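In what follows, every heavy atom counts, from backbone to side chain, and hydrogens, waters and symmetry copies are set aside. As the structure is a computational prediction, the values presented were derived from the model and not from experiment.
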Amino acid sequence: MLQIQFVRENKDYVIERLKIKNFDANDIVTNIITIDAKRREAQIKADELLAKLNQLSKEIGDLFKSGKQVEANSLKEQVATLKIEAKTYADDQERYEQEQQQLLVLLPNMPHESVPAGKSENDNVVIFAEGDASNMSEEALPHWELATKYNIIDFELGSKIAGAGFPVYIGKGARLQRALINFFLDEASAKGYLEVQPPYVVNEASAYATGQLPDKEGQMYHATADNLYLIPTAEVPVTNIYRDVILKEDELPLKNCAYSACFRREAGSYGKDVRGLNRLHQFDKVEIVQINRQEDSYQTLEEMKDYVASILRKLELPFHILRLCGGDISFTAALTYDLEVYSKAQKRWLEVSSVSNFEAFQANRLKLRYKDSNGKTKLAHTLNGSALALPRILAALLENNQTPKGIRIPKALIPYTGFDIIEL
RNA sequence: GGAGAGAUGGCCGAGCGGUCGAAGGCGCGCGCUUGGAAAGCGCGUAAGCUCCUAAAGGGCUUCAUGGGUUCGAAUCCCAUUCUCUCCGCCA
C-alpha cells in the first residue's frame, strides 16, 4: 500500500509512474485526495469538539468535588448535545478513512526507475544468461513421462487421493524432494539467513497484511470452520512475524529463510502450463526474506538475485535472469528479477524464482518500521525471493540430466540424495 | 470440549470511575563522576492521526480487540481473541 501522505503530495508523479505498470491511476488518485481532504476536515472538527468535551468533563468533576451540584448538572446538559455533534464528525472521519483505505489498496506499487515499459512477459529484458540452453534430441522425454518411466512421481495416484495437482512422490523421487529442501536450506543458512519454520495456515489479519486478502481470496484454500487460510507461500507467515514491529537499525538487515509446503488453488489455469510439475496445487519451496534500510534495499536485491543464481549454478542448470517489465511485474513489487531454467525436453524456460524489492509497500500495510540513527521511525523495505521452488527445478533436473543409463544427479546434491543416478 | 484465573509501555510490575499515557523497577540513550570501566548521581526514553511551510509546540486516539454504561473508563458491564491452571481427548 502506498503512503497516503506521499500520494497527497506527489499526485502527478504517482500517476506518471503507475503508467509504466499500464495502470491508469488518475481517477483513483483524484478520488483519494478528495476524500483525504474531507477526512482531515472531519478530524479537525471532531478533535475540537472532543477537546472541549474532555475539558468540560474535568470541570464537572471539579464542581462535584467542591459540592456545586447544580452547576455541574447544568454543564452535563451542555455536554449531551456536544457529544452528539462530536459523534457525527467522528463517524464521518471513520467513514472517510475506510473509503480512503479501500481506494488506496487498489493502487499498485510504483515501479523502480529501471523497470522497462512493456505490456507482457514478451517485453521482459534478459540481463544475464549462463549454461548450455540447447535442445536435446527428439527422443528426449518430458519430465512427466520420465516420472512414470522411473516410477518416482505418480500423478494419477495424487488425483485419486486429493485431486489434480497433488502428485505423490515415490522412492528416489521423494528422496530427491527431501534432498533439494535440505540443500536449499543449508545454502541459505550458510549465506546468513536465519531458518524459521512457520505455520502453514494464517489468520485473516495476516492474509490482509501481506495483501493476499482481499483481492487474491479465490487463490487460497480456506479452512472455513476455523477461518484459516492455507499459505500460498512461506512469505505470508514469515513476513507477518514482523507485523506491527519497530526494529532497531542495528538489527538490519534481517534475513530469514523458511521451507514450507505451499498451497494454491490456481483457479483459471489450464493447458500445457499445468502439465506435470509445471503448476501444482501443493508444492514445496524455500523462501528467503530480507528486511533492510530504505537506502540499502536495492543493493540487497542484487545480492539476493546473485545468491539464487549461485544455487542454480551449483545444480548445473542453464538459466537466465529477466528484469520484469512494467506489464509483467506484480502489483506489490517495485522491481523484480525472474530466474528461469531451461528445460531441454519441453524446450521452454521455466520460472523457478522471482526475487523482488517491495520497498515500503508491504511494510506500510504491515506497519513494519525501524528507528534510524536519528531516532526517527521509518518504514522498512522488504524483499523476498524463492530459493527455490521445487517442482520446476525437479522437472528441469529430470529432463536435462536424462541419459540412456538413467537420470544423473548433480554433484552438489549427491551428499543429500545418497545416490548419483536414478535407474530403471 | 468443560471449569476457573488472567491480558497494562521494550521487559517486569502498580493502578479508590476524574489530577492516568499511566507509579516504581529493569533495560536503553545522553551527561556528570573516573586514568578507564563498574557503581553512583542527574536528565531523557510509546505509537498513530492531525494543526502548523518546517522546527518548536498544540489537539485527538490508543492500557488484548470490538461494543456498552457514565458528564468522565486502564478501572464497571457484554462479546470475541489469546495466555495460564485443572479435567477430558489425543499425535
Side-chain angles (χ1 to χ4, degrees), chain A residues 1-10 32-105 197-209 213 223-229 237 240-252 254 291 360 363-380:
Chain A
M1 188 171 65
L2 294 176
Q3 291 161 265
I4 176 61
Q5 197 188 346
F6 186 88
V7 174
R8 186 198 300 153
E9 288 166 8
N10 305 278
I32 287 174
I33 290 177
T34 310
I35 292 171
D36 184 56
K38 289 187 191 168
R39 184 199 109 232
R40 285 185 294 158
E41 208 175 300
Q43 179 173 352
I44 293 169
K45 285 272 176 52
D47 282 0
E48 253 171 37
L49 293 171
L50 286 171
K52 203 182 262 178
L53 274 175
N54 288 339
Q55 180 58 36
L56 287 177
S57 294
K58 267 180 200 160
E59 284 175 27
I60 292 172
D62 290 342
L63 288 174
F64 272 125
K65 263 186 207 159
S66 48
K68 298 177 180 164
Q69 308 279 341
V70 186
E71 293 174 46
N73 282 325
S74 81
L75 268 187
K76 272 197 197 179
E77 281 166 36
Q78 270 190 50
V79 166
T81 50
L82 265 181
K83 258 177 87 171
I84 295 165
E85 211 185 333
K87 179 99 163 73
T88 354
Y89 285 114
D91 287 349
D92 281 352
Q93 184 190 344
E94 202 188 320
R95 206 182 60 243
Y96 290 133
E97 245 167 51
Q98 278 170 9
E99 285 177 20
Q100 185 178 62
Q101 182 77 3
Q102 277 164 14
L103 288 173
L104 214 45
V105 297
Q197 214 177 68
Y200 290 0
V201 294
V202 292
N203 57 27
E204 248 178 33
S206 294
Y208 269 103
L213 291 177
T224 51
D226 297 295
N227 199 21
L228 294 170
Y229 293 87
N240 268 285
I241 293 174
Y242 304 101
R243 168 153 51 94
D244 267 316
V245 165
I246 300 178
L247 297 162
K248 289 181 194 139
E249 192 174 35
D250 59 19
E251 290 178 84
L252 301 173
L254 219 139
I291 298 165
N364 191 33
R365 253 211 215 188
L366 282 169
K367 301 215 166 35
L368 165 55
R369 292 149 293 171
Y370 68 99
K371 269 204 202 307
D372 72 7
S373 44
N374 300 320
K376 244 185 106 179
T377 306
K378 289 168 134 175
L379 288 173

Checklist line | 4.5 Å side-chain heavy-atom contact, A:Leu254 and A:Tyr242 | finding: yes

Margin query: Taking the C1' atom in each of B:rA74 and B:rG18, what is the distance between them to the nearest angstrom?
Written below: 13 Å

Margin query: Using atom P in both nucleotides, what's the gap between B:rG25 and B:rG68 to the nearest angstrom?
Written below: 39 Å

Next item on the list: Quick one: look up who B:rU83 pairs with, Watson-Crick or G-U, both distances under 3.5 Å, and put none if it's unpaired.
Entry: B:rA5

Margin query: How many whole angstroms separate atom CD1 of A:Ile60 from atom C1' of B:rU19?
Written below: 16 Å

Next item on the list: Compare all side-chain heavy atoms of A:Asn73 with those of A:Phe64 and state whether any distance is below 4.5 angstrom.
Entry: yes

Checklist line | Rounded interatomic separation in angstrom, taking CG from A:Asp244 and P from B:rC82 | finding: 18 Å

Item checked: Distance in angstrom units between A:Gln98 CD and B:rG66 P, rounded -> 12 Å

Check: At under 4.0 Å between heavy atoms, what does A:Asp62 touch on the DNA or RNA strands: base, sugar-phosphate, or nothing?
Finding: nothing

Notebook entry, point to check: What interatomic distance, in whole Å, is found between C1' of B:rC82 and the corresponding atom of B:rU45?
Noted result: 29 Å

Notebook entry, point to check: Between atom CG in A:Asp226 and atom C1' in B:rU80, what is the gap in whole Å?
Noted result: 15 Å

Checklist line | Pairing partner of B:rA22 (Watson-Crick or G-U wobble, both distances under 3.5 Å) | finding: none

Margin query: Would you measure the distance from the C1' atom in B:rG59 across to the matching atom in B:rC41 and give it in whole Å?
Written below: 37 Å

Check: Is B:rC16 paired to anything, Watson-Crick or G-U wobble with both distances less than 3.5 Å, and if yes, which nucleotide?
Finding: none

Note to self: List the residues meeting side-chain contact (heavy atoms from CB on, under 4.5 Å) with A:Glu204, not counting sequence neighbours, and say none if there are none.
What the structure shows: A:Tyr208, A:Leu213, A:Asn227, A:Tyr229

Check: Paired with B:rU75 by Watson-Crick or G-U wobble geometry, both distances under 3.5 Å: which nucleotide is it?
Finding: none

Next item on the list: Mark yes when over 12 heavy atoms from residues, nucleotides or ligands other than A:Gln197 sit less than 6.0 Å from its CD; otherwise mark no.
Entry: no

Next item on the list: Considering just the side-chain nitrogens and oxygens of A:Asn54, establish if one lies under 4.0 Å of OP1 or OP2 belonging to B:rG59.
Entry: no

Checklist line | Nearest-angstrom distance from the residue atom NZ of A:Lys52 to C1' of B:rG59 | finding: 14 Å

Notebook entry, point to check: B:rC52 pairs with which nucleotide, Watson-Crick or G-U wobble, both distances below 3.5 Å?
Noted result: none

Item checked: G-U wobble or Watson-Crick pairing nucleotide for B:rA38 (cut-off 3.5 Å, both distances) -> none

Check: Does the side chain of A:Gln93 reach to within under 4.5 Å of the side chain of A:Glu97, using non-hydrogen atoms?
Finding: yes

Next item on the list: Determine yes or no for a side-chain-to-main-chain donor-acceptor pair under 3.5 angstrom, with A:Asn10 supplying the side chain and A:Phe6 the backbone.
Entry: yes

Notebook entry, point to check: According to the Watson-Crick and G-U wobble definitions, with both distances under 3.5 Å, which nucleotide is paired to B:rU45?
Noted result: B:rG27

Check: What integer number of Å spans the C1' atoms of B:rG6 and B:rC63?
Finding: 15 Å

Item checked: Straight-line distance of A:Leu2 CG to A:Arg365 CZ, nearest 0.5 Å -> 11.0 Å

Checklist line | Between B:rU80 (P) and A:Glu204 (CD): distance, integer Å | finding: 17 Å

Notebook entry, point to check: Under a 4.0 Å heavy-atom cut-off, which of residues 70-92 of chain A touch RNA chain B?
Noted result: A:Lys76, A:Val79, A:Lys83

Next item on the list: For B:rC76 and B:rA7, measure between their P atoms and round to the nearest Å.
Entry: 10 Å

Item checked: Value in whole Å for how far the P atom of B:rU80 lies from CG of A:Asn227 -> 15 Å

Check: Once you round it to whole Å, what is the distance between C1' of B:rA64 and CG of A:Asn203?
Finding: 14 Å

Next item on the list: Decide yes or no on salt bridge (Lys or Arg N to Asp or Glu O under 4.0 Å) for A:Asp91 and A:Lys87, but give the supporting numbers first.
Entry: CA-CA 6 Å; A:Asp91 287 349; A:Lys87 179 99 163 73; 3.4 Å; yes

Notebook entry, point to check: Nucleotide by nucleotide, 5' to 3', does protein get under 4.0 Å of the base (B), only the sugar-phosphate (S), or neither (-) in nucleotides 46-52 of chain B, counting heavy atoms?
Noted result: -SSBSS-

Margin query: Any strand counts, and the cut-off is 3.5 Å on both contacts for Watson-Crick or G-U wobble. Which nucleotide pairs with B:rC89?
Written below: none

Note to self: Between B:rC60 and B:rG24, how many Å separate the two P atoms, rounded to a whole number?
What the structure shows: 24 Å

Notebook entry, point to check: With a 3.5 Å cut-off and no angle check, do the side chains of A:Ser206 and A:Asn203 form a donor-acceptor pair?
Noted result: yes

Notebook entry, point to check: Do you know which two heavy atoms are closest between A:Leu379 and A:Ala363, and how far apart they sit?
Noted result: CD2-O, 3.7 Å

Item checked: C1' atoms of B:rC11 and B:rA46, separation to the nearest Å -> 14 Å

Next item on the list: Please report the C-alpha distance between A:Arg40 and A:Asp36 in whole Å, then the side-chain angles of each, then the deciding distance to 0.1 Å, and finally whether the salt bridge (Lys or Arg N to Asp or Glu O under 4.0 Å) criterion is met.
Entry: CA-CA 6 Å; A:Arg40 285 185 294 158; A:Asp36 184 56; 3.4 Å; yes

